[in-house]
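Side chains are part of it too, since the values below use all heavy atoms of this structure and drop only hydrogens, waters and symmetry mates.
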Amino acid sequence: MQIKQILAEAAVGSEITVKGWVRTKRESKNVTFININDGSVIHNIQAVAEAGVLNEETQKLITTGACVAITGTLIESQGSGQKVELQVKSALVYGTADPEKYPLQPKKHSLEFLREIGHLRPRTNTFSAILRVRHTLAYAIHKYFNDNGFFYLHTPIITGSDAEGAGEMFRVTTLDPKNPPLNEDGSVNYKEDFFGRETNLTVSGQLEGELGAMALSKVYTFGPTFRAENSNTARHLAEFWMIEPEVAFYELEDNMALAEDFTKYVIKYALDNCYDDLVFLEGRLKEEEKNKKQEERSELALIEKLKFVIDNDYVKLTYTEAIQILLSSKRHKEGKFQYPVAWGIDLQSEHERYLVEKHFKKPVILTNYPKDIKAFYMKLDEVTDNVPGQTVRAMDVLFPGIGEIIGGSQREDNYEKLAQRCQEVGIPIESIWWYLETRQFGTAPHAGFGIGFERLVMFVTGMTNIRDVIPFPRTPKTAEF
């Protein structure tokens, strides 16, 4: 019986066996107190062993980090902090943990140190809470899409196309790195490679998702994606997970409504099902920010921030309107933005957060971005007199404390316009002929978006480094565990 079940369901007086890992052990003259956790819940269960119940050798082996099975009677707790505790009758030690070597002793450990022991950090309160929240969010995502008529589409991890046009991809090859076959001009002859062409790990399942939407109407992907971006920031990973719905017959307005409904649902699901974990993580965040300057601290407590998203209608405005707001702001006029503001720029996090946290005090969806800062597949807007340049039917969802959390668009469904955009950005048409061909055979309006799963987990847990919301982070020069 797991501790979560015991605390919720087990009756006082029942005999139970608890299996888990020792978090702390404290001995007094006549009693030994053992706190055990099995990962099912943030709370430990306390086992109380009267003197003489356990033999001396067994009691000596029960140390912090040891794995044990303890059998006893569930009784009302005699102390504060828990309603029930286990009156020990017997104990079995599955695995010992030498206290001279076990690194997770009952004291505060830095997140940097815990990254070095990624094989053990799930045993801490912080990381067990994060992993439970991560699981709950993943389940909520699948449940949301299933309940709303979407089909889960498995898109390829190995691809011959670059969905973003960024070129920062990991190559997949079986060629001999020391002696690859060469063409006459000295370039590598990928016709001799396993797939007969140059292939990479995918940066997105979107293009293939669109193919599925053109047959099944509503699909979503949820899988690993990869970027060979040599960036060591707190917001970048080389391997991460993406959720990407694609819907036939959706236009930009439908896409915005889907993004708002989806994010509110999954965040509320986490609040409803991981409340104790989120309370713990909120306390951890408050403690972490004590030493920060006031202006660097989160404006909202963690649970308050999550409710802020759930309880407010998202404000919708165009990129051009947002630029006008930023240019008119006191912060811009006083030169307090680190990055300059002008029509045509790719908005920085400080600009996005100003709109959400200072100006509107609500989540924001920005639309109709300049085409030159967006991907080739986004549908072109009609040219209008009051906009300085050509825009596309793009949308970004902005949240407090993080800025952009979702990026999406209505997709270009006109073959000639899409082919022209490919030429403009230097994407060979022959490399994605299959993608363009869907615009020739039964084309339809369609739209979709992408949300980085780790970015979502960061927002919900309050963690500030993306390395701490994925079990085993992959970053430049780091592929441990």
### Query
Side chains of Asp396 and Tyr319: donor-acceptor distance under 3.5 Å anywhere?
no
### Task
Mark yes when over 12 heavy atoms from residues, nucleotides or ligands other than Lys316 sit less than 6.0 Å from its NZ; otherwise mark no.
yes
#### Entry: Flag for Trp343-Thr320: side-chain donor and acceptor within less than 3.5 Å
yes
### Task
Report, as yes or no, whether the 6.0 Å neighbourhood of atom OH on Tyr152 holds more than 12 heavy atoms from other residues, nucleotides or ligands.
yes
### Query
Salt-bridged, Glu299 to Lys358, with N to O below 4.0 Å?
yes
### Task
For the residue pair Tyr354 and Phe337, categorise the inter-ring angle as parallel (less than 30°), tilted (30 to 60°) or perpendicular (more than 60°).
perpendicular
### Query
Are any side-chain N or O atoms of His135 and backbone N or O atoms of Val133, one a donor and one an acceptor, separated by less than 3.5 Å?
no
### Message
Looking at every heavy atom in both Gly118 and Phe472, which two are closest together, and how far apart are they?
### Response
O-CE2, 3.7 Å
### Task
Assess whether atom NZ of Lys101 is packed by more than 12 heavy atoms of other residues, nucleotides or ligands within 6.0 Å.
no
### Message
With rounding to the nearest 0.5 angstrom, report the NZ to OG1 distance, Lys379 to Thr391.
### Response
12.0 Å
### Task
Compute the centroid of each ring, for His119 and then for Phe481, and state whether the two points are separated by less than 6.0 Å.
yes
#### Entry: Glu210 and Tyr377 side chains, donor-acceptor separation under 3.5 Å
no
### Query
Can you tell me how far CZ of Arg227 sits from NE2 of His236, rounded to the nearest 0.5 angstrom?
8.0 Å
### Query
In this structure, are over 12 heavy atoms from other groups packed under 6.0 Å from Phe170 atom CZ?
yes
### Message
Counting C-beta onward and ignoring hydrogens, is there a side-chain heavy-atom pair between Leu398 and Tyr314 closer than 4.5 Å?
### Response
no
### Query
For Phe113, does the CZ atom sit with more than 12 other heavy atoms under 6.0 Å from it, leaving out its own atoms?
yes
### Pair Arg171, Tyr190: side-chain N/O donor-acceptor within cut-off below 3.5 Å
yes
### Task
Decide whether Asp276 and His43 meet the rule of one side-chain donor and one side-chain acceptor closer than 3.5 Å.
yes
